[in-house]
Structure formats: structure tokens, C-alpha cells
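The shown structure was predicted, so the numbers you read here are calculated from the model rather than taken from an experiment.
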Amino acid sequence: MPTIKYYLREGLLSAGELTSPNQAHYGPGHERRLRLIRALLDVGGLSLAVIGEVLEAMDDPEQPVHKVLGVAADGVTPAGEEGAGPELEDAREEVAELLRRRDWQADERSPAAESLAGVLSALRRAGHGGYIDLLDVYADAAEPVARADLDYVQRRVAREDLVESVVVGTVLGEAMFGALRRLAHIDVSFRRFESPQHLSGPVERESSGAEDGGADGDGRGGGDERKGAGGAGADGPEAGPPDA
């Protein structure tokens with residue numbers, strides 16, 4: 001695990017106030033920055049090099065908030081390893097068409113767009129090109145999440161709070177949404193494939209047939225009624241003769 005000295009050496013953390021030749025005092029600002037670094041590293045999965053780029057953008061007062069968001073987003077976007085070719089070019093055009101269709105103000109050659117193109121290309125190679133039909137379903141889900149992220153950010157007033165919220169919402173929000181999606185998968189999978197309602201479906205249908213017969217509830221109601229028509233009645237031999 002990297003130490004505070006390592007963070008200092010890498011420029012991720014500013015020097016504390018020296019209290020002796022071998023000791024320094026670190027205030028609340030250092031503690032806050034240290035917590036952010038650990039969160040980006042441990043939960044967000046960013047490398048220390050990328051964290052350095054994000055923090056540099058955060059600390060630059062000339063950087064617009066939108067630019068800081070872009071740096072953070074690029075940090076959580078997997079680097080595409082797709083080789084150039086007609087398949088990847090087709091996927092890039094699909095991504096460009098998606099951006100035009102939804103009027104998303106994003107560069108079609110941005111790292112996120114390139115990453116998406118790589119995913120589409122990989123889906124086709126894996127024989128699951130039909131999954132691409134869900135692209136707009138995913139986009140429909142992404143839009144309200146993005147708005148919620150930035151609604152959270154806009155509640156901040158001080159620039160330091162604002163840019164930190166952008167980074168946290170982008171990096172840790174990505175991890176949170178991924179975890180929620182996995183939990184939702186578990187729930188939907190259980191309800192569809194493992195729930196008692198699903199497993200007892202055929203049994204329930206048999207029970208409903210017995211209830212319709214109205215006999216003893218043992219699944220022989222329909223047959224007993226047919227016997228009753230011949231004189232035995234629904235309840236067995238002791239029942240009276242059927243009405244004429």
C-alpha cells in the first residue's frame with residue numbers, strides 16, 4: 001500500500017507544516033485529500049498516474065468544471081485495445097449515429113466513444129451482435145443517472161467542493177452504478193428463474209384445475225363430475241341422483 005511519503009514524492013499530496021526536522025503537521029485539507037486519493041485508488045480503480053492527472057486538473061483554478069469532469073471520465077474509461085479494421089470502423093459509425101440520434105454533445109472520438117465502439121465490435125466477434133439492439137435501452141438508463149450526478153454536483157458552491165464532487169460522482173458513481181446493476185441482475189434472475197412462483201408454476205395450474213372441478217381438491221374433480229352425470233354424484237355413491 002502506498003504511504004503518505006510516496007504520495008508526497010509523487011506530488012499527489014502537498015507537504016505538511018514542519019514541526020521538527022523529521023516531523024510535519026498535516027491539517028484537515030491533507031486528510032481530505034488523502035481520503036480522496038484512497039477512494040479513487042481502492043474503489044474507483046484508478047492508477048496513481050491517472051489520479052495525479054485528475055488532481056492536477058482539480059487544483060488548476062483555470063480549468064473549467066466540464067474539463068475536470070472529462071479528465072475524471074477518461075480515467076475510468078477502459079483503454080481500447082481493438083485493432084483498426086472495417087469492423088471497428090463500423091462500430092465507430094454506430095456510436096457516432098447514436099450521438100447524433102440522441103443529440104448528445106459528446107465527441108465521437110472521445111475515449112468513452114472509442115471504448116463503446118470497442119465493446120460493440122467485441123460483441124459481434126463473440127457472436128452476440130443482437131445485444132447491440134439494447135443500445136438505446138442502456139442510453140435511456142444512462143441519461144437520468146448522468147443528470148442525477150450533475151444535480152448533486154451543482155448543489156456545491158465553493159469551487160473546491162464542486163470539482164471534488166465532479167470527480168467523486170464520476171469515478172465512484174461509476175463503481176456504485178456497476179454494483180447496483182449487478183444487484184439488480186441477481187434480483188431479476190431470482191424472480192425469473194428461482195422464485196417459488198416460477199418453480200411452482202405447473203403445480204399451480206394443476207391445482208386450479210382441481211378447484212374448477214369442485215370435488216375433493218385432489219385433482220380428480222373433473223372426472224368425478226362426469227361420474228355424477230351418470231348418477232354417482234360429485235361426492236361419491238351416497239350423493240343423491242342428479243336433477244332431471
Side-chain angles (χ1 to χ4, degrees), residues 1-2 7 12 32-60 63-82 91-92 94-96 98-99 102-123 126 128 131-132 134-156 159-189:
M1 179 183 294
Y7 296 145
L12 303 180
R32 177 175 177 173
R33 175 57 60 90
L34 187 59
R35 287 199 302 266
L36 177 61
I37 293 171
R38 295 304 311 177
L40 298 179
L41 184 66
D42 297 339
V43 181
L46 270 61
S47 67
L48 288 173
V50 171
I51 291 175
E53 294 174 3
V54 171
L55 296 180
E56 183 180 0
M58 285 178 57
D59 293 339
D60 183 355
Q63 289 278 18
V65 174
H66 182 67
K67 178 67 174 177
V68 177
L69 186 149
V71 173
D74 291 349
V76 296
T77 302
E81 298 181 358
E82 295 289 320
R92 284 171 174 161
E94 285 180 279
V95 173
L98 172 76
L99 299 179
R102 303 190 71 93
D103 195 27
W104 281 3
Q105 305 303 302
D107 185 352
E108 63 187 55
R109 293 291 180 169
S110 66
E114 284 288 292
S115 178
L116 179 56
V119 171
L120 302 187
S121 180
L123 281 169
H128 290 276
Y131 207 80
I132 298 171
L134 301 178
L135 202 54
D136 276 296
V137 177
Y138 274 65
D140 287 341
E143 284 183 347
V145 172
R147 284 193 293 270
D149 285 343
L150 295 180
D151 286 346
Y152 173 82
V153 167
Q154 285 188 305
R155 293 200 293 267
R156 271 56 187 169
R159 187 184 186 280
E160 182 182 8
D161 291 339
L162 189 67
V163 295
E164 184 172 303
S165 297
V166 165
V167 171
V168 168
T170 303
V171 179
L172 301 189
E174 182 92 359
M176 181 169 69
F177 189 72
L180 284 169
R181 179 173 178 260
R182 291 189 290 276
L183 288 170
H185 275 164
I186 294 170
D187 174 67
V188 174
S189 174

Side-chain donor/acceptor pairs under 3.5 Å, residues 45-59, sequence neighbours excluded:
unit_1 : atom_1 : unit_2 : atom_2 : d
Ser47  : OG     : Val50  : N      : 3.2
Asp59  : OD1    : Arg33  : NH2    : 2.8
Asp59  : OD2    : Arg33  : NH1    : 3.2

Side-chain donor/acceptor pairs under 3.5 Å, residues 63-74, sequence neighbours excluded:
none

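If you take CD1 on Ile37 and CZ on Arg35, they are separated by 11.5 Å, rounding to the nearest 0.5 Å. Atom CG of Leu116 and atom CG of Leu120 lie 4.5 Å apart (nearest 0.5 Å). Atom CD of Gln154 sits about 11.0 Å away from atom OG of Ser165, to the nearest 0.5 Å. For the atom pair CG of Leu36 and CG of Leu41, the computed distance is 11.0 Å after rounding to the nearest 0.5 Å. To the nearest 0.5 Å, the span separating CG on Leu34 from CG on Leu12 amounts to 10.0 Å.
Under the rule for a side chain to side chain contact (heavy atoms under 4.5 Å, CB included), the partners of Ala112 that lie at least two apart in sequence or sit in another chain are Thr77, Ser110. With sequence neighbours excluded, the residues that form a side chain to side chain contact (heavy atoms under 4.5 Å, CB included) with Tyr131 are Leu123, Leu134, Tyr138, Arg181. Legend: residues meeting side chain to side chain contact (heavy atoms under 4.5 Å, CB included) with Asp161, ordered by chain and number and at least two apart, are Arg32, Arg156, Ala158. Residues satisfying the salt bridge (charged side-chain N to carboxylate O under 4.0 Å, His left out) criterion with Arg182, sequence neighbours excluded, are absent altogether.
Of all heavy-atom pairs between Ala117 and Ala91, the closest is O-CB, 3.3 Å. Minimum interatomic distance between Ala141 and Val145 (heavy atoms only, all atoms of both residues): O-CG2, 3.4 Å.
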**Thr170 vs Glu174, side-chain contact (heavy atoms from CB on, under 4.5 Å): CA-CA, chis, key distance, verdict** = CA-CA 6 Å; Thr170 303; Glu174 182 92 359; over 6 Å; no
**Message:** Could you go through Asp107 and Glu114, starting from their C-alpha distance and side-chain angles, then the distance that decides it, and tell me whether this counts as side-chain contact (heavy atoms from CB on, under 4.5 Å)?
**Reply:** CA-CA 10 Å; Asp107 185 352; Glu114 284 288 292; over 6 Å; no
**Item:** side-chain hydrogen bond (donor to acceptor under 3.5 Å, both in side chains) assessment of Gln105 paired with Asp103
**Value:** CA-CA 6 Å; Gln105 305 303 302; Asp103 195 27; 3.1 Å; yes
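Side chain of Glu108 to backbone of Ala106: no donor-acceptor contact under 3.5 angstrom is found.
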